[in-house]
Amino acid sequence: MKIKVGPSILACDFANIESEIKRVKDAGADFLHVDVMDGHFVPNITIGPGVVAAIRKKTDLLIHSHLMIENPEDYVEAFAKSGSDIISFHVEALGRTRNGRLKKANLLIKKIKRLNKRPAIAINPSTPIADIKGLLDKVDWVLIMSVNPGFGGQEFISAVLPKIFELRNIFEGDIEVDGGITDNTAKDVIRRGANVLAAGSYIFKAHDMKEAIRRLKEDE
Ligand code: DX5
Ligand code: ZN
């Protein structure tokens, strides 16, 4: 499978976001990974739909808005209108009982599709694949977190590796892994069946961004 790399702009120089986006595009980025945090689902606040709309005006790269927020159903419309192409939401944000979650997730997936955007399901490191099995025929993109969401620059949690393998055995769509991705951890996740990598610090801190992205794709 062809490997796609989405730089997480959380690690960029926000005061120069336009040139940072141009820099990742020139370096070979396949899409932009935009981390949306609300201070409730995760203990950090980052980017809202207004900033996504501003980014949209500056690039033709696909934008994946990774919503790490409570009540995602209240905000998907705003993120669709702002020009996101892919919108992921966390199942953990959809209540506690599995059936209640699944029902809400189904509605949300429908809503995102109706807005002509590509829905994706995101799961935290501790959430089992079993929790999303009932949804896999409705989406073609799943995001597996390999750090606890909230901050960039954390260390990769290798306990998620079996989950990637488990998912690849039952799912043909895109599997994105997000958190602590470096040239080393990229090899581990690609070997388990992931084909999409979100990486922040590794890409933005690299001396040679083009080389960094090339290395992430090396197992192709
Ligand atoms: C974490 C975010 C990640 C993060 C990745 O909550 O969802 O996308 O920005 O950053 P690195 O690659 O630095 O771990
Ligand atoms: Zn993310």
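Each ligand, and each atom within it, is numbered from 1 in the order the structure gives.
At a threshold of 4.0 Å, the pair Asp183-Lys187 does not count as salt-bridged, since none of the basic side-chain nitrogens sits closer than that to a carboxylate oxygen.
Ligand 1 lies under 4.0 Å from heavy atoms of Ser8, Leu10, His33, Asp35, Met37, His66, Met68, Met145, Pro149, Gly150, Phe151, Gly152, Gly153, Asp178, Gly179, Gly180, Ala199, Gly200, Ser201.
In the displayed structure, Lys205 atom NZ is contacted under 6.0 Å by at most 12 heavy atoms of other residues, nucleotides or ligands.
Distances from the Zn ion (ligand 2) under 2.8 Å pick out these protein N/O/S atoms: His33 NE2, Asp35 OD1, His66 ND1, Asp178 OD2.
Counting heavy atoms from C-beta outward, Met1 and Arg168 have side chains that approach closer than 4.5 Å. Proximity of Arg56 to Ile63: side-chain heavy atoms (C-beta onward) are separated by under 4.5 Å at one or more points. Put simply, the side chain of Arg118 reaches to within 4.5 Å of the side chain of Asp140, judged on heavy atoms. Between Ile69 and Val42, every side-chain heavy-atom pair lies at or beyond the 4.5 Å cut-off. Taking 4.5 Å as the limit, every side-chain heavy atom of Val189 sits out of range of all side-chain heavy atoms of Ser146.
For the 3.5 Å distance criterion, the side chains of Asp35 and Thr46 fail to qualify, holding no donor opposite an acceptor. Side-chain contact check for His33 and Glu176: at least one donor-acceptor pair (N or O, by modelled atom type) lies under 3.5 Å.
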